[in-house]
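A, B, ... follow the sequence lines: proteins, then strands. Residue 1 opens every chain. For the numbers below, each heavy atom of this structure counts, side chains included, while hydrogens, waters and symmetry mates do not.
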Protein chains: 2
Amino acid sequence: MKVQALERVGNRLRLLDQTVLPHQVVYKDLDDYREIIVSIKRLEVRGAPAIGIAAAYALAIGVQQDTSHQRDYPMDQLSALADEIRRARPTAVNLFWAIDRVMDRIRQAGELSKSSLVDMLWGEAEAIHEEDRRMCRQIGENGAALIADGDTLLTHCNTGALATGGIGTALGVIYVCRDQGKRIKVFADETRPLLQGARLTAWELMQEGIDVTVNCDNMAGTLLQQGRINHVIVGADRIAANGDTANKIGTYPLAVLARAHGVPFYVAAPSTTFDLSIATGKDIVIEERGGNEITEVFGTRVAPEGVNVFAPAFDVTPTELVSAYITDTGVRPGGRTD
Amino acid sequence: MKVQALERVGNRLRLLDQTVLPHQVVYKDLDDYREIIVSIKRLEVRGAPAIGIAAAYALAIGVQQDTSHQRDYPMDQLSALADEIRRARPTAVNLFWAIDRVMDRIRQAGELSKSSLVDMLWGEAEAIHEEDRRMCRQIGENGAALIADGDTLLTHCNTGALATGGIGTALGVIYVCRDQGKRIKVFADETRPLLQGARLTAWELMQEGIDVTVNCDNMAGTLLQQGRINHVIVGADRIAANGDTANKIGTYPLAVLARAHGVPFYVAAPSTTFDLSIATGKDIVIEERGGNEITEVFGTRVAPEGVNVFAPAFDVTPTELVSAYITDTGVRPGGRTD
């Protein structure tokens, strides 16, 4: 893989700045945890798994850079640092999860010298990163078994190396297909309003030598109608106990169209994305975002001043429209019965 | 109505340049038919009926401006001019229809002096314009009977005063509802790639005092899922004999979603949009446009250099997904049976 969203380099974190893609390829080597927080806030690093990994590295770097304590490091100071990192994104479940996991491990370890603490924090961050890498690879391998040589896939948003610590989820399936020698074509929905498909998925797949074509979200119906798509494959932000899936806005219409054309619709996600505390999609609250993401495209105003805007960040696809869930622990059937 | 796309002013055609809306309101007074062709090509004037009217005016202006013939005007030169105008847009059936209608009338008239020819061409263009105005009003009245006070409508692209010589087709229905005192709410798909919904429909409806909300095309599924839409109403570029409907890309997915949610899907169009020479939608050739409409948004590049792009301008909605056709001659049932 040529594309990597983030990487430990010595005692620094190297981040690929995704806000300037695809125009510029800029890596940032960060040795200040506050810079990592800014990168998370600015969406220079994005994708739930990648944010969690970046947060864990930020905690290690935050303690490492603090010269006010040489021998030991006060627990309340570590907690304050963890809280500061937690506030970088208010709704990023993986961010909280990663910080909580590291903090639990430190608390279990008991008293530590500062240098042992720093080693342990780096080690935990690397472990989280490595587990994500492995999970992506397993999702990819489980999903690749469903895809044949010569197939064409349609995907939405960005669920690849740019969004995770490894090869991605939905795009991970495509990379494993490539590694297995299957010739795969991909159509990438541009994914309004933030155009992650056009800006990130297209760039990432081109870097990796995969045949990719960008289309507007509203053109997917024509692709399916023309019989050009063998599988639709997307990621997931959150999956309810019954399988209803919250994902980037625009996923639900794809699922309806896929069923109308008898084309399989797959959700590729780590098994940790299943949230058993949520019974069905009805219990998922849909975040509405600022309307200016729609009315302005990279600084150009495209709608009249003062117009009302409807801007949900994600939608919920009922399990009846999902052919299968591709996870690291295997392929589970969805509620779609055709 | 405050909004008007085009108007004869003396011996010129006044066009509202729709490429700079909603930022600027710029009218162009054109006395060169080549400028009108450029305006049609650049989508400064757009919408099938408005293009037909502009084409008829272009023919009058083209002969009027030609100083190489004073007394009479050779028929083969008129035919060449007509062909040049016909080529402005390959899929605009109204353009061909308007030009053919004028040419038939001229042929029937027999030999004419140049000044009589010019008068006749202007007269025919104005007659086409006036008929379109009347047709829009009739479509509006026929459609308004289907809409109740308090209803919320979802529409796509722009099918209003900006697209026609009158109050529009799908939006004409909304204007007549307003004139009848019905309180109507409208959701407008932004309509990628050229954003006619965000730029034009939102602007036009705001000018006319109608409650409008803009959403990305991929958010329409959520609106339908949430039960917030009573009717989906769109225009048409071309309707085959069996009712299959070519319209702006993104219409077909709306029709699939509307059926999935049991929400009526209406096509509002002049009866002249039915092209009986085309048996079904399979015979409609889909125009593909330049990929840069997708990869660049008002000059900002949003996809990698060199990426493949799929950019159909239209899609075809089978009649099985259409609840009814709202035309100037009445409401005809579609092929949808629920």
| Rounded distance (nearest 0.5 Å) linking atom CD1 of A:Ile249 with atom CG of B:Asp217 | 11.5 Å
| field | NZ (B:Lys185) with more than 12 external heavy atoms under 6.0 Å | value | no
| Is the number of heavy atoms from other residues, nucleotides or ligands within 6.0 Å of CZ (A:Arg238) greater than 12? | no
| field | Leading residue by heavy atom contact count with chain A [cutoff under 4.5 Å; candidates B:Thr201, B:Asp189, B:Thr251, B:Val214] | value | B:Val214
| Proximal component of A:Pro304, with respect to chain B [non-hydrogen, under 4.5 Å] | both
| field | Option in A:Arg192, A:Met206, A:His23 with maximal non-hydrogen atom pairs under 4.5 Å from chain B | value | A:Arg192
| request: Check whether B:Asn218 gets within reach of chain A through its side chain, its backbone, both or neither, counting any heavy atom under 4.5 Å. | output: both
| Between B:Arg259, B:Arg228, B:His156, which shows the greatest number of heavy-atom pairs under 4.5 Å with chain A? | B:Arg228
| query | Can you tell me how far the CZ atom of B:Phe310 sits from the CD atom of A:Glu190, to the nearest 0.5 Å? | reply | 13.0 Å
| note | One option among B:Val302, B:Thr300, B:Leu224 has the most heavy-atom pairs under 4.5 Å with chain A, and it is B:Val302
| said: Within the structure provided, determine whether A:Phe314 and B:Thr222 are in side-chain contact (heavy-atom separation under 4.5 Å). | reply: no
| field | Leading residue by heavy atom contact count with chain B [cutoff under 4.5 Å; candidates A:Gly306, A:Gly197, A:Pro253, A:Ala260] | value | A:Pro253
| message | Under 4.5 Å from any heavy atom of chain B, what part of A:Glu293 do you find: side chain, backbone, both or neither? | response | neither
| Residue, of B:Ile286, B:Leu223, B:Thr295, B:Val256, that accumulates the most heavy atom pairs under 4.5 Å with chain A | B:Leu223
| Can you tell which of A:Gln225, A:Arg301, A:Glu305, A:Lys248 has the highest number of heavy-atom pairs within less than 4.5 Å of chain B? | A:Gln225
| message | Could you check whether any side-chain heavy atom of B:Trp203 comes within less than 4.5 Å of a side-chain heavy atom of A:Val307, counting everything from C-beta outward? | response | no
| task | For residues B:Val309 and A:Asn215, determine if any side-chain heavy atom of one lies less than 4.5 Å from a side-chain heavy atom of the other. | result | no
| field | Flag side-chain contact, heavy atom, 4.5 Å: B:Asn308 against A:Val212 | value | no
| Under a 4.5 Å heavy-atom cut-off, does chain B meet the side chain of A:Met219, its backbone, both or neither? | both
| Heavy-atom distance under 4.5 Å to chain A: side chain of B:Gln226, backbone, both or neither? | side chain
| query | So what's closer than 4.5 Å to chain B heavy atoms on A:Ala202: side chain, backbone, both or neither? | reply | both
| field | Flag side-chain contact, heavy atom, 4.5 Å: B:Cys216 against A:Pro193 | value | yes
